[in-house]
Amino acid sequence: MFETPDELHSLQLLLDTSLADSTSHLKSIIRPGESTLDAEQVVQVCQGMCTLAIATVTRRGEPRISGADGHFLHGRWIVGTHRQAAKARHLAARPGISATYLRGEQLGIFTHGHAVELNPEGTSSDPTWPAIRDYLVDHYDGDSDDPFWDENVWYRIDPSWMVAYSTDPAGLLDQQPPA
């Protein structure tokens, strides 16, 4: 777990506010205390690499969705792609992004927000990038000198809305491998 107590508090506030401001239809499906996950539970189920569905928007306003490796660090999703990928072009022009992490019908974490480029080409990196890069190199058993790290762009999703759903939160957490 990488989250500080302040980051967990902020994540919990985001989860609570997002659900409270949601439609009655969504609240009929995702019921607090029954089919929701709290911040600590979200962090627990999002350990390691999670395959995300990422949605971006073309210049004509058309939605596009693709898969991406997601890493939940400090209460935020971290995602990457090749600098020449369509989603990199979309996010450079329109940083609005949605991400979904699903495990069948057992788990759904839905996030809307803005993508913040962590390692922009030709300018200084985000202050968090060195630590995130070290984590990613370690996770992928990579070589920190590999050109891969310069060929790819990594983003932090700063969420404006996030809800976490589980059909059986206690059962889901029991299935988690030990951290």
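No hydrogens, no waters, no symmetry mates; every other heavy atom, side chains included, goes into these values.
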With a 4.5 Å heavy-atom cut-off, do Y101 and C46 have their side chains touching? yes
Measure from the side-chain N and O atoms of N119 to the backbone N and O of N152, and report whether any donor-acceptor pair falls under 3.5 Å. yes
From T51 atom OG1 to D69 atom CG, the distance as rounded to the nearest 0.5 Å: 6.0 Å
Using the side chain to side chain contact (heavy atoms under 4.5 Å, CB included) criterion, which residues pair with T23? Sequence neighbours excluded. H25, L26
Same cluster for L19 and L11 if Ile/Leu/Val/Met/Phe/Trp/Tyr side chains link at under 4.5 Å? no
Would you say the side chain of T36 lies within less than 4.5 Å of the side chain of P169, judging by non-hydrogen atoms? no
Quick one: salt bridge (Lys or Arg N to Asp or Glu O under 4.0 Å) pairs with a partner in residues 141-162, sequence neighbours left out? R76-D158, D126-R156, R156-D158
Which residues pass the side-chain hydrogen bond (donor to acceptor under 3.5 Å, both in side chains) test with D38, not counting sequence neighbours? none
Quick check: are there more than 12 heavy atoms from other residues, nucleotides or ligands sitting under 6.0 Å from NE2 of H9? no
Check for a donor-acceptor pair, side chain of K87 on one end and backbone N or O of G67 on the other, with a separation under 3.5 Å. yes
Residues two or more places apart in sequence or in another chain: which of them pass side-chain hydrogen bond (donor to acceptor under 3.5 Å, both in side chains) with E40? none
Nearest heavy atoms of A68 and G80, plus distance in Å: CB-O, 4.3 Å
To the nearest 0.5 angstrom, please state how far the CG atom of L8 sits from the CG atom of L13. 12.5 Å
Using a 4.5 Å side-chain heavy-atom cut-off and chaining through intermediate ILVMFWY residues, the residues clustered with Y135 come out as F2, M49, L73, I78, L118, W129, I132, L136, V137, Y140, F148, W149, W154
Could I get the full list of side chain to side chain contact (heavy atoms under 4.5 Å, CB included) partners for S10, not counting sequence neighbours? none
All side-chain hydrogen bond (donor to acceptor under 3.5 Å, both in side chains) counterparts of Y165, not counting sequence neighbours: none
Under the 3.5 angstrom rule, does the side chain of E7 hit a backbone N or O of G75 as a donor-acceptor pair? no
Path from L91 to V116 over hydrophobic side-chain contacts below 4.5 Å: no
Side-chain donor-acceptor pairs of residues 107-114 under 3.5 Å, sequence neighbours excluded:
| from | atom 1 | to | atom 2 | distance (Å) |
| --- | --- | --- | --- | --- |
| T111 | OG1 | W77 | NE1 | 3.4 |
| H112 | ND1 | S98 | OG | 2.6 |

Does the side chain of H74 come under 3.5 Å of the side chain of E3 through a donor N or O and an acceptor N or O? no
Where is the tightest heavy-atom contact between T81 and A88, given as atom of each residue plus distance? CG2-CB, 3.9 Å
Is there a path of hydrophobic side-chain contacts, each under 4.5 Å between heavy atoms, that joins W161 and L102? yes
Please check this pair: side chain of R31 against backbone of I29, looking for a donor-acceptor N/O pair closer than 3.5 Å. yes
Across all chains, not counting sequence neighbours, the side chain to side chain contact (heavy atoms under 4.5 Å, CB included) partners of A86 are R89, H90
For R59, check side-chain hydrogen bond (donor to acceptor under 3.5 Å, both in side chains) against everything at least two apart and list the hits. none
Donor-acceptor check, side chain of E34 to backbone of I30, threshold 3.5 angstrom: yes or no? no
Of all heavy-atom pairs linking A99 and L52, the shortest is CB-CD1, 4.3 Å
With the 4.5 Å side-chain cut-off for hydrophobic clustering, are M162 and V45 part of the same group? yes
Quick one: do L14 and V163 end up in the same hydrophobic cluster if we chain Ile, Leu, Val, Met, Phe, Trp and Tyr together by side-chain heavy atoms under 4.5 Å apart? no
Write out all pairs satisfying salt bridge (Lys or Arg N to Asp or Glu O under 4.0 Å) with one or both partners inside residues 105-117, taking only residues at least two apart or from two chains. R83-E117
Using side chain to side chain contact (heavy atoms under 4.5 Å, CB included) as the criterion, list what pairs up with E62, not counting sequence neighbours. T58, R60, R64
Separation between OG (S144) and CG (D138), nearest 0.5 Å, reads 11.0 Å
